[in-house]
Number of protein chains: 2
Amino acid sequence: MNELNSPFPTPQQRQEEREAKRSAVLRTAVQMFNERGFHQTSLDDVAARLGVSKPTIYHYLGNKDQVLLECVTIGLSQLIAAAEAARGTPGSGADRLTSFLRRYAEVNMDDFGRCVIRTSEEALAPDSRQQFRALKRRIDAAMRTLIEEAMADGSIAPGDPKLLGFALAGALNWPARWHDPGGPDSAETLAASLVDWLARGFLPRRR
Amino acid sequence: MNELNSPFPTPQQRQEEREAKRSAVLRTAVQMFNERGFHQTSLDDVAARLGVSKPTIYHYLGNKDQVLLECVTIGLSQLIAAAEAARGTPGSGADRLTSFLRRYAEVNMDDFGRCVIRTSEEALAPDSRQQFRALKRRIDAAMRTLIEEAMADGSIAPGDPKLLGFALAGALNWPARWHDPGGPDSAETLAASLVDWLARGFLPRRR
DNA sequence: AATGCAAGTTACTCGCCAGTAGATTTTTGC
DNA sequence: GCAAAAATCTACTGGCGAGTAACTTGCATT
């Protein structure tokens with residue numbers, strides 16, 4: 001397509017370029033929020049790093065609240081996707097749960113996932129906060145369902161699914177606070193090891 | 001002492017009263033930070049809830065950064081105290097570890113402990129941030145030592161102590177985000193149940 | 001050629017809030 | 001009684017940063 005590499009973009013291409021710019025803004029914003037914190041990052045800062053001026057951000061994304069909301073929404077969609085993927089996985093309830101958990105942890109070490117964890121609800125305007133909450137509830141519910149199904153088929157230990165959900169979520173959210181993406185440990189291996197500890201517990205098992 | 005209940009306070013009493021006021025300010029501040037977030041809480045707000053004016057806060061505590069630093073320092077001291085208490089506990093390494101973990105979780109559901117978790121480092125001025133970090137490192141190190149000792153005496157499963165530390169800390173920090181102190185579940189029982197899940201893992205154990 | 005939309009810009013406004021100056025009142029120690 | 005210190009207030013300053021108005025330029029459409 002466009003074999004002559006003409007400098008005159010098709011409407012198609014223009015649309016794509018706009019999309020690309022939009023997500024570049026988002027990507028830069030989320031990284032800066034993660035580095036320096038939402039409140040310590042002004043839209044002027046973000047614009048400066050992109051080499052543009054603040055109104056450009058407003059042009060593509062709207063106000064600061066909307067920028068943040070979009071960042072966390074992206075992160076949360078990845079988690080929802082992980083939950084849906086896990087449902088379609090073959091194997092026992094425990095298998096589906098652990099595969100979900102691994103992916104959950106990985107997402108939380110990625111730009112947008114980290115932002116979900118590090119963003120405290122209070123930073124968002126009331127409306128956005130409600131949407132944020134609603135999405136988080138969906139993830140929680142999905143995780144709890146996975147847990148309940150695994151308890152039901154006996155592939156994990158019985159107990160309070162809600163509490164287990166909180167314990168697992170906490171342990172796998174936390175890397176958003178300490179994991180260094182530039183460090184030696186890849187998100188994948190870390191995720192797998194963490195899930196393994198949670199699955200087996202720290203008390204020794206007799207074989 | 002002071003049997004006549006005289007209205008003229010002794011120097012002793014004056015000192016205590018000042019101390020009481022100081023900690024009332026701190027207590028109110030930390031609660032408001034937890035409710036509405038640090039950046040959404042102005043010192044005027046805190047002063048208003050106490051029925052005083054902003055300069056009074058400066059009189060007792062200094063600037064906003066120092067207020068926050070003191071809040072998290074209190075929380076972290078409680079954790080350090082928990083670690084020291086655990087060291088003196090009789091029993092196996094696993095016993096000492098679990099008793100520490102339970103207390104650790106409880107503290108994180110308390111006003112000052114919650115603040116430690118919910119405060120992101122970026123909110124603090126560089127100097128305070130360093131102190132904050134240093135204290136957190138102490139807790140981490142204490143936890144890791146407890147883990148290593150328990151691994152050494154064989155009372156918990158072998159593995160990477162650092163990773164286990166992060167998993168445990170994450171799971172037990174998280175209640176700072178979801179636990180409702182006014183709810184039906186007491187911090188103590190919640191802490192115990194969480195630690196139990198972490199100890200045993202979610203995979204079924206024989207017998 | 002005229003119109004209009006898209007993508008930027010510069011240069012503002014405006015409110016909030018941390019922090020302070022300085023007055024005022026009470027307490028206390030001599 | 002008097003000077004100094006403690007505890008508090010009212011009333012300000014100053015800066016930062018979100019959000020906007022209004023211009024520019026270029027391309028696209030009829």
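Residue numbering restarts at 1 for every chain, and letters A, B, ... go by the order of the sequence lines.
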Sequence-aligned protein contact record of nucleotides 3-19 of chain D, with B where the base is within under 4.0 Å of a protein heavy atom and S where only the sugar-phosphate is: ----SBBB------SBB
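- Every pair tested for side chain to side chain donor-acceptor pair (under 3.5 Å) that includes a residue from residues 71-83 of chain A fails, sequence neighbours excluded, so the list is empty.
- Sorted by first and then second residue, the pairs that involve residues 134-145 of chain A and meet side chain to side chain donor-acceptor pair (under 3.5 Å), not counting sequence neighbours, are A:E121-A:K136.
- Considering only residues two or more places apart in sequence or on other chains, A:F112 meets the ring-ring contact (aromatic ring centres under 6.0 Å, His included) condition with none of them.
- Within the structure, side chain to side chain donor-acceptor pair (under 3.5 Å) pairs that include any residue of residues 20-33 of chain A comprise A:R22-A:E70, A:R27-A:D111, A:Q31-A:D111 (at least two apart or interchain).
- Here A:F38 pairs with A:F33 under the ring-ring contact (aromatic ring centres under 6.0 Å, His included) rule; sequence neighbours left out.
- Distance CD (B:E17) to P (C:dT28): 10 Å, rounded to an integer number of Å.
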